[in-house]
Protein chains: 2
Amino acid sequence: MTGVTLADVAKRAGVSTATVSMVLCNKGRISSSTRERVLKALDELGYVYNQTAANLRNRSSNQVGLLLHDITNPFYGEMTAGLSHEVERHDRLLLLANSEESAERQQKFVDSLMRNNVCGMVLCAARETPQSFFDSLKRRNIPAIMVVRPLSDPDFDFVGTDNFLGAQVATEHLLKLGHRRIAFIGGSQNSGSRAQRIGGFTSKLLEYGITPHSEWILTSQASQSDGARVAQALLTQNPLITAAVCYQDIVALGVMQTLRKLGREPGRDFALVGFDDITEAGLVQPALTTVSVAAKEIGRKAGELLFSRIQGNDEPVKRIILPPALVVRESCGFR
Amino acid sequence: MTGVTLADVAKRAGVSTATVSMVLCNKGRISSSTRERVLKALDELGYVYNQTAANLRNRSSNQVGLLLHDITNPFYGEMTAGLSHEVERHDRLLLLANSEESAERQQKFVDSLMRNNVCGMVLCAARETPQSFFDSLKRRNIPAIMVVRPLSDPDFDFVGTDNFLGAQVATEHLLKLGHRRIAFIGGSQNSGSRAQRIGGFTSKLLEYGITPHSEWILTSQASQSDGARVAQALLTQNPLITAAVCYQDIVALGVMQTLRKLGREPGRDFALVGFDDITEAGLVQPALTTVSVAAKEIGRKAGELLFSRIQGNDEPVKRIILPPALVVRESCGFR
DNA sequence: TTGTATGCGTTATCAT
DNA sequence: ATGATAACGCATACAA
């Protein structure tokens, strides 16, 4: 802190603080001669604007918050980049908080963001978020956009991807290739995204006159090893299964491992579709066919919506659902 | 903004604002009876502390800035998580800015962070950062820690990894496995980290009596596809090369692709070591042997040092160099 | 132990 | 076109 204030500059330029302030904000009409003088004084003194004071006086803030549960996940890294870009475009600053999936820390962060007067926030809530969390958010009445995880609370704007449709597209792809015995592998029991994907999966099966087997729908951790583990049991007991939709790409990678262990070659003896289009998907052999959910775009759209809310847009609650895209590679057969 | 202030609470509780303030900060001695009353009023009114006002009054701030050039890069995601954790431990908030490698935007961000009065910052400066950037930072005299990219400006604290040693360890690993024709793939021409890694690479070759071929040292973008591209030319023209140290894991992943395209199986016909130990490294097949630079730890250490500076530690400039660790997986052969 | 009064650096209202 | 001054919400020195 250099400590140079408006008053110092004013004295130096031989004007009032009001004048300096107006020069800084380009408000009011000031003769170009005094403007010159002020500008010169500003420069000579190495003045640095005190946003904190301005925020207090204006009862506003130039900061928005982003609450994530795992910044380490490349998907959220992408999303953050998209949002960050939008935030910059609006000359705001981004406050980042990482709940690491703890409801307690999440609440702490949001409280902190509120104390810091953020003008809005983007949230990907932890899985076990209590209703009280959303309530406290509403009470303060600060613009907040939920992202990625569906069904947080219907009163909030939401930006995410169409899990249902994504799973439908993935499933139909397998169906059209002639597969009839298809499993769904991965995701945790209490995941809303997973519920939607399973919905897309089963609905499409039914559309083709196929009754979904609930024993062919497996949960797993979000890791390759656990994907491999759960697939092992399923595929040894049900060798007639010829394809699977996986909840995540990483799970699909695990399934690939298991297939090879069982002497079956993915892409030839078995068809596999993943979800997320992570980098590795294009890398493995055979390259993984997957549903892409455009993480960066989610961030960008969330920012766009947030700023429109900040600027007073009071249309009814919005749900922006980005269309997923099937990225066809090699894991369902080469042609 | 609910708009409830200290004064409102004070009135309600029948005390002065000073008392309320003291209750909030746990300062001064206040009878437990009035404390009760204040706490009750606080709660009833749904008071929310105004950090902005406090910051102004205290001539301080509870925010630290983090300037990155690519939040999308998993390495920086990890680092951010480490720093974020440390920031939380100190009850501060983290302002994130993404320069996308533009010196101009970077300067804009830092100016903005300064106007917002951050109490400190962690910086991974853009590659083409002009000296004026560092000068403006020094002028304001705000604690700043440089990370990852070496040699920014000797007057700043630095936290990074030992690139030289890391590359030596990686190279020696290949050498001990019997490889004698080893390439170095990746990194951009003007990268300081890369220069250090090449130093480790060549010095170790020389130690084993091998003369480094400059044509076997390639630059590439930090992407899988470019890694694949540059490897293609090298490996078709020099089929006798049996191993490579890659500047980054992502580049190594690209090289894997190329190898397969050329009918060579990584881990069997060719040995590969990466750098960074990103999540994908453990996921691909064969899993990538790599030099871990403990991204999270860099973030944590940077935070630790930053807060010690903020608290007044005025020891001479520090350079914290974290030891790299070779993570042996499968890409140099299974055993 | 608690209250009074002042100032942090800015902006906006009202004069001039 | 510009100046004086009163907030913004809080913390603290000092008084009581």
Side-chain angles (χ1 to χ4, degrees), chain A residues 1-42 45-63 91 112 114-119 140, chain B residues 1-42 45-63 91 112 114-119 140:
Chain A
M1 265 216 262
T2 56
V4 179
T5 75
L6 269 193
D8 301 329
V9 177
K11 196 191 292 176
R12 172 93 170 209
V15 296
S16 77
T17 60
T19 304
V20 179
S21 175
M22 289 172 120
V23 172
L24 284 176
C25 305
N26 278 317
K27 281 184 187 162
R29 283 155 300 286
I30 27 187
S31 73
S32 56
S33 72
T34 59
R35 145 165 282 129
E36 287 304 316
R37 284 218 311 290
V38 172
L39 256 23
K40 186 149 154 284
L42 242 20
L45 263 36
Y47 171 79
V48 174
Y49 186 76
N50 186 329
Q51 186 74 251
T52 306
N55 285 348
L56 176 58
R57 166 68 221 221
N58 293 334
R59 301 146 143 280
S60 75
S61 141
N62 66 137
Q63 305 182 159
D91 285 313
S112 180
M114 283 173 168
R115 283 196 298 273
N116 280 267
N117 240 305
V118 291
C119 55
R140 273 236 92 183
Chain B
M1 267 219 260
T2 55
V4 179
T5 75
L6 269 195
D8 300 328
V9 177
K11 196 191 292 176
R12 172 95 170 207
V15 298
S16 76
T17 60
T19 304
V20 179
S21 174
M22 289 171 120
V23 171
L24 284 174
C25 307
N26 277 318
K27 280 183 185 162
R29 283 156 298 286
I30 26 189
S31 72
S32 57
S33 72
T34 59
R35 145 166 283 129
E36 285 306 314
R37 284 219 311 290
V38 172
L39 257 22
K40 188 150 152 282
L42 244 20
L45 264 37
Y47 171 79
V48 175
Y49 187 76
N50 185 328
Q51 187 72 249
T52 306
N55 285 347
L56 176 59
R57 163 70 222 224
N58 293 334
R59 304 150 139 275
S60 76
S61 137
N62 66 138
Q63 303 182 161
D91 285 313
S112 179
M114 282 173 169
R115 282 197 297 275
N116 280 268
N117 238 305
V118 291
C119 56
R140 272 236 93 183

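The figures here come from the full heavy-atom set of this structure, side chains too, leaving out hydrogens, waters and symmetry mates.
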**Study point:** DNA chain C: 5'-proximal contact among B/V15 and B/A53 (nearest heavy atom)
**Key:** B/V15
**Study point:** Short side-chain N/O contact from A/S31 to OP1 or OP2 of D/dT2, under 4.0 Å
**Key:** yes
Practice item. State, with a plain yes or no, whether a side-chain heavy atom of A/N117 is found less than 4.5 Å away from one of A/N55. Key: no
Exercise for review: Looking at every strand, decide which applies to B/I30 at a 4.0 Å heavy-atom threshold: base, sugar-phosphate, or nothing.
Suggested key: sugar-phosphate
Exercise for review: Starting from P on C/dT1, measure out to CZ on B/R35 and report it in whole angstrom.
Suggested key: 11 Å
Review point. Is B/R59 near enough to C/dC8 that one of its side-chain N or O atoms lies under 4.0 angstrom from OP1 or OP2?
Key: no
Practice item. Please state how far atom NZ in B/K11 lies from atom C1' in C/dG3, giving the value in whole angstrom units. Key: 16 Å
Check your understanding: Rounded to whole angstroms, how far apart are CG on B/N50 and C1' on D/dC8?
Key -> 9 Å
Check your understanding: What heavy-atom pair brings A/R37 and A/A13 nearest, and what distance separates the two atoms?
Key -> NE-O, 3.0 Å
Practice item. May I ask you to say what B/T34 touches in the nucleic acid, namely base, sugar-phosphate or nothing, with a heavy-atom cut-off under 4.0 Å? Key: sugar-phosphate
Exercise for review: May I ask you to verify if any side-chain N or O of B/T5 is less than 4.0 angstrom from the OP1 or OP2 atom of D/dG9?
Suggested key: no
**Study point:** Annotated protein contacts, base or backbone, on nucleotides 11-16 of chain C with a non-hydrogen cut-off under 4.0 Å, one of B, S, - each
**Key:** BB----
Review point. If only atom types and distance count, is the side chain of B/N116 paired as donor or acceptor with the main-chain N or O of B/V118 below 3.5 Å?
Key: no
Practice item. May I have the distance from A/L56 (atom CG) to C/dG7 (atom P), rounded to whole angstrom? Key: 16 Å
Check your understanding: Quick one: does A/R12's side chain have a donor or acceptor within less than 3.5 Å of a partner on A/L45's backbone?
Key -> no
Point to revise | Whole-Å distance separating the CG atom of B/N62 from the C1' atom of D/dC10 | key: 14 Å
Exercise for review: Answer yes or no: does a side-chain N or O of B/T19 lie under 4.0 Å from OP1 or OP2 of C/dG3?
Suggested key: yes
Review point. Atom CG of A/N55 to atom C1' of C/dT10: distance rounded to whole Å?
Key: 10 Å
Practice item. Could you give me the CA-CA distance, side-chain angles and deciding distance for A/R35 and A/V15, then say whether side chain to side chain contact (heavy atoms under 4.5 Å, CB included) is met? Key: CA-CA 10 Å; A/R35 145 165 282 129; A/V15 296; over 6 Å; no
Review point. A/R115 has an atom CZ; how far is it from atom C1' of D/dC10, in whole Å?
Key: 14 Å
Check your understanding: Side chains of A/L39 and A/V23: does their closest heavy-atom pair fall under 4.5 Å?
Key -> yes
Check your understanding: Hey, are A/R59 and B/N50 close enough side-chain-wise for a donor-acceptor pair under 3.5 Å?
Key -> no
Practice item. Report the distance from atom CG of A/L42 to atom P of C/dT10, rounded to the nearest whole Å. Key: 10 Å
